[in-house]
Amino acid sequence: MSTPGATADPLATLGSLPGVAESVESVRKAVDRVYGHRVMRRRSTEITAEAALRGARGSAALSGSDWALEEVRRRTDFRGDDDARVVGAALRLTAEAGQLLSIWRQSPLRVLARLHLVAAAGGSADDIGRPRQEGEQVDEPLVELPLPGAAEVHGRLEGLAGLVIAGSAAPALVTAAIVHGELLALRPFTSRNGLVARTAERVVLVGSGLDPKSVCPAEVGHAELGRAAYLAALDGYVSGTPDGMAAWIAHCARAVELGARESTAVCEALQRGAA
């Protein structure tokens, strides 16, 4: 992770980049809007479940398995082709994320290992749940950035974990965006890195208290914004420039806003008796 300047709290430095404060405020308003909806006071469990389903569907779409929501809702067997396995992995990760919130701040690397174990269930036992080793190939065809070597991956993962454990004055949105971007840039596992990165973003957003009921699925927003915009924003993150980092954070902010808007629409549909 490249950050402008060297401070004791580099995440807070990123929070001061031009435009980031505006993105943070816009996200807060979107989150407050859905949490303030009258349906949330009575049926928040239903909204959380629906957000989980839609978030998993969005994350799978970004990994190349773009199924209709009703197909994801209907299916119970995801052992078929690779598309089905990707959707199944996304659903498992969404379910697992809520079980790992209390562990994240103490041991983020343990959480990431667990997420990969869940995502890659059924794969080779030798490479599941651990960072890749030198010479191991990565199956992440939709991210075509240069692949960091294993030594760099290990070092940067330790650095990321240190930032999480130390805590930061940065807004939760900034931390979530950096965790997401760093994992995509590193692709630390041999497979399913995109799914793991987006789940880690969700863990940060929920565990930070920004979205405690997990009803603002950023994965929905990332999918709605499109794969091309997602990868272009990731290029900005990887550049390490202030403008590039700010653009990535703004992209993640917009994704959270769109996720909140999706759940607001679900609330309104439930209020009308249409869902």
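Quick caveat: nothing in here was measured; it's all calculated off a predicted structure. Every heavy atom of this structure was used, including side-chain atoms; hydrogens, water molecules and symmetry mates were not.
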Checklist entry - How far apart are the C-alpha atoms of Val24 and Val27, what are their side-chain angles, what is the distance that settles it, and do they pass the side chain to side chain contact (heavy atoms under 4.5 Å, CB included) test? => result CA-CA 5 Å; Val24 169; Val27 165; 5.9 Å; no

Item to check | Shortest non-hydrogen contact from Leu184 toward Gly194 | outcome: CD2-CA, 3.7 Å

Checklist entry - For Leu157 and Pro131, which heavy atoms make the closest approach, and how far apart are they? => result CD1-CG, 3.9 Å

Item to check | Pairs meeting criterion salt bridge (Lys or Arg N to Asp or Glu O under 4.0 Å) with involvement of residues 87-113, two or more places apart | outcome: Glu96-Arg114

Next on the checklist: Membership question, hydrophobic clusters at under 4.5 Å side-chain separation (ILVMFWY): are Leu147 and Leu234 in the same one?
Outcome noted: no

Item to check | Shortest non-hydrogen contact between Asp83 and Gly64, atoms and distance | outcome: OD1-O, 3.8 Å

Item to check | Sidechain-backbone polar pair: Thr48 side chain, Ser44 backbone, donor-acceptor under 3.5 Å | outcome: yes

Item to check | Matching residue for Pro188 among Val196, Asn193, Leu109, Leu112 - test: side-chain contact (heavy atoms from CB on, under 4.5 Å) | outcome: Asn193

Next on the checklist: Evaluate His251 against Arg254 for side chain to side chain contact (heavy atoms under 4.5 Å, CB included), listing each step before the verdict.
Outcome noted: CA-CA 5 Å; His251 185 87; Arg254 183 59 180 151; 5.8 Å; no

Checklist entry - Are Leu93 and Ile103 connected in a single hydrophobic cluster, I mean Ile/Leu/Val/Met/Phe/Trp/Tyr linked by side-chain heavy atoms less than 4.5 Å apart? => result yes

Checklist entry - Is a side-chain N or O of Glu71 found less than 3.5 angstrom from the main chain of Ala68, in a donor-acceptor match? => result no

Next on the checklist: For Asp211 and Tyr35: C-alpha separation, side-chain torsions, deciding distance, then whether side chain to side chain contact (heavy atoms under 4.5 Å, CB included) applies.
Outcome noted: CA-CA 9 Å; Asp211 178 23; Tyr35 275 85; 2.6 Å; yes

Item to check | Atom of Ser23, atom of Ala253 and distance for their closest heavy-atom approach | outcome: CB-CB, 3.7 Å

Item to check | Members besides Val87 in its Ile/Leu/Val/Met/Phe/Trp/Tyr cluster (side-chain heavy atoms under 4.5 Å) | outcome: Leu53, Trp67, Leu69, Val72, Phe78, Leu91

Item to check | Side chains of Leu101 and Val206 in contact at under 4.5 Å (non-hydrogen atoms) | outcome: yes

Checklist entry - Can you find a heavy atom in the side chain of Ser208 that is under 4.5 Å from one in the side chain of Thr175? => result no

Item to check | Shortest non-hydrogen separation from Leu205 to Leu173 and the atoms involved | outcome: CD2-CA, 4.4 Å

Checklist entry - How long is the gap from OG1 on Thr45 to CE on Met40, to the nearest 0.5 Å? => result 9.0 Å

Item to check | Check: Leu186 main-chain N/O paired with Arg156 side-chain donor or acceptor under 3.5 Å | outcome: no

Next on the checklist: Testing the basics here: between Gly221 and Leu258, what is the closest heavy-atom pair and its distance to 0.1 Å?
Outcome noted: CA-CB, 3.6 Å

Next on the checklist: Quick check: is Leu231 connected to Val238 through a chain of hydrophobic side chains (ILVMFWY, heavy atoms under 4.5 Å apart)?
Outcome noted: yes

Checklist entry - Atom OH of Tyr237 and atom CD1 of Ile178: how far apart are they, to the nearest 0.5 Å? => result 5.0 Å

Checklist entry - Under the side chain to side chain contact (heavy atoms under 4.5 Å, CB included) criterion, do Leu100 and Thr199 qualify, and how do the steps go? => result CA-CA 11 Å; Leu100 300 172; Thr199 305; over 6 Å; no

Next on the checklist: When you measure from the side chain of Ser263 to the backbone of Cys216, do you find a donor-acceptor pair of N or O atoms at a distance under 3.5 Å?
Outcome noted: no

Checklist entry - Taking Ser26 for the side chain and Glu22 for the main chain, is one N or O donor matched with an acceptor at less than 3.5 Å? => result no

Checklist outcome for this item: Taken to the nearest 0.5 Å, the spacing of Leu11 CG from Thr13 OG1 works out to 8.5 Å

Checklist entry - Is Val164 reachable from Leu115 through a run of hydrophobic residues whose side-chain heavy atoms are each under 4.5 Å from the next? => result yes

Item to check | Side-chain donor/acceptor of Ser65 to backbone N/O of Ala61, under 3.5 Å | outcome: no

Checklist entry - Looking at side-chain heavy atoms only, is the closest gap between Glu257 and Glu262 below 4.5 Å? => result no

Item to check | Heavy-atom donor-acceptor pair, Thr264 side chain to Ala260 backbone, under 3.5 Å | outcome: yes

Item to check | Nearest-0.5 Å distance, OG1 of residue Thr94 to CZ of residue Arg54 | outcome: 13.5 Å

Next on the checklist: Quick one about Ser191 and Asp139 (side-chain donor to acceptor, distance below 3.5 Å, no hydrogens or angles considered), yes or no?
Outcome noted: no

Checklist outcome for this item: To the nearest 0.5 Å, atom CG of Leu163 lies from atom CD of Glu182 at 9.0 Å

Checklist entry - Is it true that Arg75 and Glu70 have a side-chain N and a carboxylate O under 4.0 angstrom from each other? => result no

Item to check | Pair listing, side chain to side chain donor-acceptor pair (under 3.5 Å) test, anchored in residues 213-236, at least two apart | outcome: His180-Tyr230, Arg198-Tyr230, Glu201-His222, Arg202-Ser214, Arg202-Glu219, Glu224-Arg261

Checklist entry - Quick check: are there more than 12 heavy atoms from other residues, nucleotides or ligands sitting under 6.0 Å from CD of Gln137? => result no

Next on the checklist: Same cluster or not: Leu210 versus Val220, using hydrophobic residues (I, L, V, M, F, W, Y) connected whenever any side-chain heavy atoms lie under 4.5 Å apart?
Outcome noted: no

Next on the checklist: Looking at Gln271, is its backbone amide N or carbonyl O close enough to the side chain of Arg38 to form a donor-acceptor pair, meaning the two atoms are under 3.5 Å apart?
Outcome noted: no

Checklist entry - Using 4.0 Å as the upper bound for N to carboxylate O, is an ion pair formed by Asp81 and Arg85? => result no

Checklist entry - If you draw a 6.0 Å radius around CZ in Arg42, do more than 12 non-hydrogen atoms from other residues or ligands fall strictly inside? => result yes

Item to check | Separation of Leu14 CG from Met245 CE (nearest 0.5 Å) | outcome: 4.5 Å

Checklist entry - So, Ser239 versus Thr241: side-chain donor-acceptor pair below 3.5 Å or not? => result yes

